[in-house]
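What follows is a single structure, written as structure tokens, with notes after it.
All chains are named by letter (A, B, ...) in the order of the sequence lines, taking the proteins before the strands, and each is independently numbered beginning at 1.
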Number of protein chains: 2
Amino acid sequence: MDYQNYVQMLKAMADPNRLKIIDLLSCGSLCACDILQHFDFSQPTLSHHMKVLQNAGIVFAVKDGKWQHYSLQKRFVQEFKQNTDQLLAADEHCLCQRSDREKDVAN
Amino acid sequence: MDYQNYVQMLKAMADPNRLKIIDLLSCGSLCACDILQHFDFSQPTLSHHMKVLQNAGIVFAVKDGKWQHYSLQKRFVQEFKQNTDQLLAADEHCLCQRSDREKDVAN
DNA sequence: ACTATACATAGATTATCGTCTATGTAATGG
DNA sequence: CCATTACATAGACGATAATCTATGTATAGT
């Protein structure tokens with residue numbers, strides 16, 4: 001399994017402000033100025049966070065005149081849950097393999 | 001919703017090496033020396049990563065003689081999936097609220 | 001007792017990250 | 001055309017994180 005994209009998603013989510021942004025977007029589209037109202041940091045900081053979220057494939061942006069409308073990528077919602085299930089399940093994709101020592105003990 | 005613990009989990013998972021450790025532990029218990037065999041970094045670095053995972057409530061450790069046996073916390077598996085579902089669902093817990101501008105447009 | 005093994009801790013270093021100010025750009029309106 | 005609004009970019013800075021070497025501690029075997 002290739003966790004490269006999953007790690008990028010996790011990194012993007014592992015910030016309380018960005019997590020709040022995802023929460024805000026989870027029920028619909030918002031423009032940057034609307035999102036900014038929920039935070040204390042500056043506008044360039046929001047711009048930075050939105051870029052991180054876009055690069056991780058979490059959010060996509062549509063320009064409408066002066067406004068940038070942000071939404072969650074549906075593919076992200078699917079893939080993140082899928083990758084999480086795959087990671088935490090002890091299935092055939094699991095990386096784990098018993099050590100030589102433990103194999104000896106088992107024999 | 002309180003995302004404090006969820007953010008801590010995400011931060012701990014947002015590292016490719018720690019994600020691989022979680023994957024290794026997802027189908028059973030392993031001791032540190034077994035985990036270390038799968039990586040190129042040093043033993044103190046592994047010790048550091050295991051501490052991060054423990055502090056996030058992802059992993060617990062049991063000492064057995066010389067060995068430290070690590071396992072995934074079952075509570076983590078449950079809570080992480082639950083928090084993820086809650087974050088990404090557009091339900092009543094959602095933070096989002098329409099801006100004044102959008103409310104005006106809607107009126 | 002001595003040695004080896006398994007792991008933790010301390011401290012330093014380098015890289016990455018979150019945030020800021022300053023400034024640029026593009027669209028809108030008078 | 002000029003001002004305003006919405007947003008992006010550049011560069012700097014302080015904090016945090018990932019890694020290392022050196023060393024400490026505890027357990028097991030001889």
Could you list the residues that satisfy side-chain contact (heavy atoms from CB on, under 4.5 Å) with [X], not counting sequence neighbours?
| X | value |
| --- | --- |
| A:Leu36 | A:Phe41, A:Gln43, A:Leu46 |
| A:Gln78 | none |
| A:Leu88 | A:Thr84, B:Ile22, B:Leu72, B:Phe76, B:Val77, B:Phe80, B:Lys81 |

Return the value, rounded to whole Å, for the distance between atom [atom1] of [X] and atom [atom2] of [N].
| X | N | atom1 | atom2 | value |
| --- | --- | --- | --- | --- |
| A:Phe39 | D:dC7 | CZ | C1' | 17 Å |
| A:Leu19 | C:dC17 | CG | P | 17 Å |
| A:Asn55 | C:dC17 | CG | P | 11 Å |
| A:Leu53 | C:dC17 | CG | P | 13 Å |
| A:Gln37 | D:dA6 | CD | C1' | 13 Å |
| B:Gln54 | C:dT9 | CD | C1' | 14 Å |
| B:Met50 | C:dA6 | CE | P | 16 Å |
| A:Met13 | C:dG18 | CE | P | 14 Å |

Which donor-acceptor pairs under 3.5 Å do side chains of residues 7-19 of chain B form with protein atoms, sequence neighbours excluded?
residue	atom	partner	partner atom	Å
B:Gln8	NE2	B:Asn55	O	3.1
B:Asp15	OD2	B:Asn17	N	3.0
B:Asp15	OD2	B:Arg18	N	3.0
B:Arg18	NE	B:Ala12	O	2.6
B:Arg18	NH1	B:His49	ND1	3.1
B:Arg18	NH2	B:Lys11	O	3.3

**OP:** To the nearest 0.5 angstrom, please state how far the CG atom of A:Asp34 sits from the NE2 atom of A:His69.
**Re:** 8.5 Å

Subject >> Residue met sooner reading DNA chain C from 5', once A:Lys11 and B:Ala32 are mapped to nucleotides >> reply: B:Ala32

**OP:** Using a cut-off of strictly less than 4.0 Å, decide whether A:Arg18 has a side-chain nitrogen or oxygen near OP1 or OP2 of C:dC17.
**Re:** no

Considering only side-chain heavy atoms of [X], which listed nucleotide, [options], is closest?
| X | options | answer |
| --- | --- | --- |
| B:Lys51 | D:dA18, D:dC7, C:dT9 | C:dT9 |
| B:Phe41 | D:dT19, D:dA8, C:dC7 | D:dT19 |
| B:Gln68 | D:dC7, C:dG18, C:dC7 | C:dC7 |

Original post:
Looking at residues 42-49 of chain B, who's got a heavy atom less than 4.0 Å off DNA chain D?
Top reply: B:Ser42, B:Pro44, B:Thr45, B:His48, B:His49

**OP:** Return the set of residues passing salt bridge (Lys or Arg N to Asp or Glu O under 4.0 Å) with B:Lys66 (not counting sequence neighbours), or none when no residue passes.
**Re:** none

Original post:
In the 5'-to-3' direction, what one-character label does each nucleotide of nucleotides 25-30 of chain D receive under the scheme B = base within less than 4.0 Å of a protein heavy atom, S = sugar-phosphate only, - = no such atom?
Top reply: --BS--

Subject >> Partners meeting side chain to side chain donor-acceptor pair (under 3.5 Å) with A:Ser47 (sequence neighbours left out) >> reply: none

Subject >> Side-chain touch B:Leu25/B:Ile35, heavy atoms, less than 4.5 angstrom >> reply: yes

Subject >> Residues that, via side-chain heavy atoms closer than 4.5 angstrom, fall in one hydrophobic cluster with A:Phe60 >> reply: A:Val62

